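Quick notes on the structure that follows.
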Amino acid sequence: MVNKKKIEEAVRLLLEGIGEDVNREGLQETPERIARMYEEIFAGMEETPDKHLAKRFTVSNNEMVLEKDIVFYSMCEHHLLPFYGKAHVAYIPDGEVVGLSKLARTVEVFAKRPQLQERMTAQIADSIMQELHAKGVMVMIEAEHMCMTMRGVKKPGSKTVTCVMRGAFQDNERLQNAFYQMLHN
(Lines give C-alpha, C1' and ligand atoms only; values in the text may rest on other atoms or scores of the structure.)
Protein backbone atom coordinates (compact mmCIF):
# COMPACT_ATOMS: atom_id res chain seq x y z
CA MET A 1 0.00 0.00 0.00
CA VAL A 2 1.32 3.43 -0.92
CA ASN A 3 2.18 5.49 2.17
CA LYS A 4 1.25 9.01 1.06
CA LYS A 5 2.58 10.68 4.22
CA LYS A 6 6.07 9.23 3.66
CA ILE A 7 6.00 10.34 0.03
CA GLU A 8 4.97 13.86 1.05
CA GLU A 9 7.84 14.02 3.57
CA ALA A 10 10.30 12.75 0.97
CA VAL A 11 9.16 15.30 -1.63
CA ARG A 12 9.56 18.12 0.89
CA LEU A 13 13.10 16.92 1.64
CA LEU A 14 13.88 16.60 -2.06
CA LEU A 15 12.68 20.14 -2.75
CA GLU A 16 14.74 21.45 0.14
CA GLY A 17 17.70 19.39 -1.10
CA ILE A 18 17.68 21.12 -4.48
CA GLY A 19 17.49 24.51 -2.77
CA GLU A 20 13.78 25.25 -3.16
CA ASP A 21 11.51 26.96 -0.68
CA VAL A 22 8.78 24.40 0.13
CA ASN A 23 6.55 27.24 1.29
CA ARG A 24 6.68 29.02 -2.08
CA GLU A 25 3.17 29.37 -3.52
CA GLY A 26 3.73 27.03 -6.48
CA LEU A 27 5.22 24.29 -4.31
CA GLN A 28 2.96 24.32 -1.26
CA GLU A 29 0.70 21.53 -2.53
CA THR A 30 3.33 19.70 -4.57
CA PRO A 31 4.06 17.01 -1.94
CA GLU A 32 0.36 16.05 -1.82
CA ARG A 33 0.07 16.10 -5.63
CA ILE A 34 3.12 13.85 -5.99
CA ALA A 35 1.76 11.43 -3.37
CA ARG A 36 -1.55 11.14 -5.24
CA MET A 37 0.29 10.72 -8.54
CA TYR A 38 2.52 7.96 -7.14
CA GLU A 39 -0.53 6.16 -5.79
CA GLU A 40 -1.88 6.10 -9.37
CA ILE A 41 1.29 5.32 -11.33
CA PHE A 42 2.43 2.60 -8.91
CA ALA A 43 -1.02 0.95 -8.61
CA GLY A 44 0.46 -2.29 -9.98
CA MET A 45 2.30 -2.86 -6.70
CA GLU A 46 -0.96 -4.06 -5.17
CA GLU A 47 -2.22 -5.99 -8.18
CA THR A 48 -1.56 -9.35 -9.80
CA PRO A 49 -2.43 -10.38 -13.37
CA ASP A 50 -4.26 -13.55 -12.35
CA LYS A 51 -7.53 -11.70 -11.69
CA HIS A 52 -7.47 -10.29 -15.24
CA LEU A 53 -6.58 -13.61 -16.85
CA ALA A 54 -9.08 -15.71 -14.87
CA LYS A 55 -12.11 -15.18 -17.14
CA ARG A 56 -11.61 -17.42 -20.18
CA PHE A 57 -13.56 -18.53 -23.21
CA THR A 58 -13.38 -21.94 -24.88
CA VAL A 59 -12.19 -22.01 -28.50
CA SER A 60 -11.86 -24.85 -30.97
CA ASN A 61 -8.86 -23.46 -32.82
CA ASN A 62 -5.46 -22.83 -31.30
CA GLU A 63 -4.13 -20.18 -33.67
CA MET A 64 -1.98 -17.25 -32.61
CA VAL A 65 -3.69 -14.33 -30.90
CA LEU A 66 -1.84 -11.00 -31.11
CA GLU A 67 -2.70 -7.78 -29.33
CA LYS A 68 -0.31 -5.14 -30.65
CA ASP A 69 0.42 -1.50 -29.92
CA ILE A 70 -0.64 -1.64 -26.27
CA VAL A 71 0.50 1.77 -25.02
CA PHE A 72 1.99 1.79 -21.52
CA TYR A 73 3.80 4.13 -19.15
CA SER A 74 6.17 2.91 -16.48
CA MET A 75 8.89 4.19 -14.16
CA CYS A 76 12.54 3.17 -14.42
CA GLU A 77 13.59 1.79 -11.06
CA HIS A 78 17.13 3.15 -11.47
CA HIS A 79 16.23 6.85 -11.84
CA LEU A 80 12.48 7.02 -11.10
CA LEU A 81 11.99 8.60 -14.50
CA PRO A 82 9.32 7.46 -16.96
CA PHE A 83 9.74 5.07 -19.82
CA TYR A 84 6.89 4.55 -22.21
CA GLY A 85 6.05 2.81 -25.42
CA LYS A 86 4.13 -0.07 -26.89
CA ALA A 87 3.83 -3.70 -25.93
CA HIS A 88 2.96 -6.44 -28.42
CA VAL A 89 1.63 -9.65 -26.85
CA ALA A 90 0.97 -12.89 -28.74
CA TYR A 91 0.03 -16.31 -27.47
CA ILE A 92 -0.99 -19.71 -28.77
CA PRO A 93 -4.04 -20.78 -26.77
CA ASP A 94 -4.60 -24.31 -25.56
CA GLY A 95 -8.38 -24.41 -25.93
CA GLU A 96 -9.04 -21.17 -24.01
CA VAL A 97 -8.64 -17.46 -24.74
CA VAL A 98 -9.13 -14.32 -22.66
CA GLY A 99 -10.83 -11.09 -23.63
CA LEU A 100 -8.43 -8.85 -25.53
CA SER A 101 -8.61 -6.10 -22.91
CA LYS A 102 -7.20 -8.59 -20.40
CA LEU A 103 -3.88 -8.68 -22.24
CA ALA A 104 -3.69 -4.88 -22.03
CA ARG A 105 -4.60 -5.04 -18.34
CA THR A 106 -1.81 -7.57 -17.78
CA VAL A 107 0.67 -5.17 -19.36
CA GLU A 108 -0.63 -2.41 -17.06
CA VAL A 109 -0.19 -4.51 -13.91
CA PHE A 110 3.53 -4.83 -14.58
CA ALA A 111 4.01 -1.33 -16.01
CA LYS A 112 2.61 0.32 -12.88
CA ARG A 113 5.59 -0.59 -10.71
CA PRO A 114 9.17 0.60 -10.44
CA GLN A 115 10.44 -1.45 -13.32
CA LEU A 116 13.11 -2.59 -15.75
CA GLN A 117 11.91 -3.07 -19.31
CA GLU A 118 13.70 -6.40 -19.56
CA ARG A 119 12.00 -7.72 -16.41
CA MET A 120 8.60 -6.38 -17.43
CA THR A 121 8.78 -8.17 -20.79
CA ALA A 122 9.50 -11.49 -19.08
CA GLN A 123 6.86 -10.95 -16.37
CA ILE A 124 4.13 -10.41 -18.96
CA ALA A 125 5.14 -13.53 -20.91
CA ASP A 126 5.49 -15.69 -17.80
CA SER A 127 2.13 -14.64 -16.36
CA ILE A 128 0.31 -15.48 -19.60
CA MET A 129 2.06 -18.87 -19.84
CA GLN A 130 1.24 -19.65 -16.22
CA GLU A 131 -2.32 -18.37 -16.01
CA LEU A 132 -3.58 -19.39 -19.48
CA HIS A 133 -1.49 -22.55 -19.80
CA ALA A 134 -0.73 -21.26 -23.29
CA LYS A 135 1.20 -23.38 -25.74
CA GLY A 136 3.49 -20.42 -26.34
CA VAL A 137 3.88 -16.70 -25.71
CA MET A 138 5.87 -13.96 -27.39
CA VAL A 139 6.10 -10.44 -25.98
CA MET A 140 7.92 -7.50 -27.54
CA ILE A 141 8.22 -4.10 -25.93
CA GLU A 142 9.47 -0.96 -27.65
CA ALA A 143 10.06 1.97 -25.29
CA GLU A 144 11.69 5.35 -24.94
CA HIS A 145 13.43 5.94 -21.63
CA MET A 146 13.50 9.44 -20.20
CA CYS A 147 16.67 8.54 -18.29
CA MET A 148 18.37 8.38 -21.73
CA THR A 149 16.44 11.30 -23.22
CA MET A 150 16.66 14.09 -20.67
CA ARG A 151 19.79 13.16 -18.72
CA GLY A 152 22.99 11.18 -19.18
CA VAL A 153 23.57 10.39 -22.84
CA LYS A 154 20.64 12.66 -23.94
CA LYS A 155 19.47 10.74 -27.02
CA PRO A 156 15.80 11.59 -27.57
CA GLY A 157 13.92 9.31 -29.92
CA SER A 158 16.09 6.26 -29.25
CA LYS A 159 14.08 3.16 -28.43
CA THR A 160 14.90 0.06 -26.47
CA VAL A 161 13.36 -3.14 -27.80
CA THR A 162 13.04 -6.28 -25.70
CA CYS A 163 11.56 -9.58 -26.78
CA VAL A 164 10.76 -12.73 -24.83
CA MET A 165 9.64 -16.07 -26.24
CA ARG A 166 8.20 -18.93 -24.25
CA GLY A 167 6.94 -22.38 -25.18
CA ALA A 168 6.11 -22.97 -28.85
CA PHE A 169 7.68 -19.66 -29.91
CA GLN A 170 11.15 -20.47 -28.56
CA ASP A 171 12.40 -22.75 -31.32
CA ASN A 172 9.83 -22.16 -34.03
CA GLU A 173 11.08 -19.70 -36.62
CA ARG A 174 7.80 -19.95 -38.56
CA LEU A 175 5.82 -18.73 -35.52
CA GLN A 176 8.35 -16.00 -34.80
CA ASN A 177 8.18 -14.78 -38.40
CA ALA A 178 4.36 -14.83 -38.30
CA PHE A 179 4.51 -12.65 -35.17
CA TYR A 180 6.82 -10.14 -36.88
CA GLN A 181 4.70 -10.10 -40.05
CA MET A 182 1.52 -9.47 -38.05
CA LEU A 183 3.25 -6.59 -36.26
CA HIS A 184 3.96 -4.84 -39.54
CA ASN A 185 0.52 -5.31 -41.11
Side-chain angles (χ1 to χ4, degrees), residues 1-3 36-78 80-146 159-185:
M1 190 81 174
V2 170
N3 185 327
R36 286 191 309 273
M37 177 187 70
Y38 276 12
E39 186 174 47
E40 179 183 339
I41 65 176
F42 293 125
M45 298 289 295
E46 300 295 319
E47 201 174 359
T48 58
D50 55 337
K51 75 176 189 177
H52 300 298
L53 298 172
K55 175 87 171 143
R56 299 185 197 117
F57 306 96
T58 304
V59 293
S60 57
N61 70 342
N62 291 318
E63 300 299 319
M64 184 189 320
V65 176
L66 170 65
E67 182 74 15
K68 66 181 188 175
D69 297 332
I70 303 168
V71 175
F72 73 90
Y73 301 90
S74 192
M75 293 288 272
C76 165
E77 69 181 35
H78 293 151
L80 289 181
L81 285 172
F83 69 95
Y84 56 92
K86 293 179 180 178
H88 316 290
V89 179
Y91 70 101
I92 309 290
D94 191 10
E96 293 182 316
V97 295
V98 292
L100 296 177
S101 69
K102 305 311 182 196
L103 298 176
R105 290 189 190 283
T106 300
V107 170
E108 284 296 301
V109 165
F110 293 112
K112 290 188 172 208
R113 301 174 178 187
Q115 195 57 275
L116 295 175
Q117 180 176 332
E118 298 87 344
R119 180 188 314 120
M120 183 173 134
T121 309
Q123 287 173 327
I124 294 165
D126 292 341
S127 67
I128 293 168
M129 280 295 285
Q130 179 181 337
E131 296 300 323
L132 296 184
H133 309 289
K135 291 181 178 181
V137 176
M138 190 163 171
V139 176
M140 177 188 283
I141 294 180
E142 305 171 81
E144 185 167 344
H145 293 249
M146 295 304 290
K159 290 198 175 152
T160 301
V161 179
T162 51
C163 188
V164 168
M165 293 168 245
R166 300 287 189 256
F169 281 98
Q170 282 183 302
D171 298 315
N172 190 325
E173 216 173 294
R174 182 188 63 78
L175 277 177
Q176 294 170 17
N177 289 335
F179 173 89
Y180 294 126
Q181 285 176 346
M182 290 170 75
L183 275 186
H184 300 293
N185 288 337

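This structure is a prediction, so every number in the text was calculated from the model and none was measured.
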Where is the tightest heavy-atom contact between [X] and [Y], given as atom of each residue plus distance?
X	Y	value
V137	A125	CG1-CA, 3.7 Å
L53	S127	CD1-O, 3.9 Å
L175	N172	N-OD1, 3.0 Å
P93	N62	O-OD1, 3.1 Å
Q117	A143	OE1-CB, 3.3 Å
Q123	F110	OE1-CD2, 3.3 Å

Taking [Y]'s backbone N and O only, do any of them form a donor-acceptor pair with [X]'s side chain (distance below 3.5 Å, no angle check)?
X	Y	answer
E67	A104	no
D94	K135	no
Q176	F169	yes
E142	T160	no

Quiz item: Does the pair Y91 and M64 meet the rule for a side-chain contact (heavy atoms from CB on, under 4.5 Å), with working shown?
Solution: CA-CA 6 Å; Y91 70 101; M64 184 189 320; over 6 Å; no
Practice problem: Look at R119 together with E77 and state whether they make a salt bridge at an N to O cut-off of under 4.0 Å. | Solution: yes
Self-check item: Test side-chain contact (heavy atoms from CB on, under 4.5 Å) applied to V89 and T121, I128, I141, the passing residue
Solution: I128
Exercise. Using side-chain contact (heavy atoms from CB on, under 4.5 Å) as the criterion, point out the one residue from K68, M165, M138 that pairs with F179.
Key: M138
Quiz item: Between H145 and F83, how do the two ring planes meet: parallel, tilted or perpendicular, split at 30° and 60°?
Solution: parallel
To the closest 0.5 Å, what do you measure between [atom1] ([X]) and [atom2] ([Y])?
X	Y	atom1	atom2	result
R113	E47	CZ	CD	8.5 Å
L132	D50	CG	CG	11.0 Å
K102	K51	NZ	NZ	9.5 Å
R166	Q170	CZ	CD	6.5 Å

Quiz item: What's the verdict on side-chain contact (heavy atoms from CB on, under 4.5 Å) for V139 and C163, showing C-alpha distance, side-chain angles and the deciding distance?
Solution: CA-CA 6 Å; V139 176; C163 188; over 6 Å; no
Quiz item: So L116 and H78, side-chain contact (heavy atoms from CB on, under 4.5 Å) or not? Walk me through it.
Solution: CA-CA 8 Å; L116 295 175; H78 293 151; 3.4 Å; yes
Practice problem: Mind running side-chain contact (heavy atoms from CB on, under 4.5 Å) on M140 and T162 for me, showing each step along the way? | Solution: CA-CA 6 Å; M140 177 188 283; T162 51; over 6 Å; no
I'd like to check [X] versus [Y] (side-chain heavy atoms, cut-off strictly below 4.5 Å). Are they in contact?
X	Y	answer
V98	K55	no
L100	V65	yes
H88	I70	no
E108	F72	yes

Quiz item: Could you walk me through whether E131 and H52 pass the side chain to side chain donor-acceptor pair (under 3.5 Å) check?
Solution: CA-CA 10 Å; E131 296 300 323; H52 300 298; over 6 Å; no
Should we count [atom1] of [X] as having more than 12 external heavy atoms under 6.0 Å?
X	atom1	result
Y180	OH	yes
M45	CE	no
R105	CZ	no
N61	CG	yes

Quiz item: Can you name the residues that form a side-chain contact (heavy atoms from CB on, under 4.5 Å) with N185, not counting sequence neighbours?
Solution: none
Quiz item: Between the side chains of Q115 and S74, is a donor N or O closer than 3.5 angstrom to an acceptor N or O?
Solution: no
Quiz item: Would you say the side-chain atoms of H133 and E96 include a donor-acceptor pair closer than 3.5 Å?
Solution: no
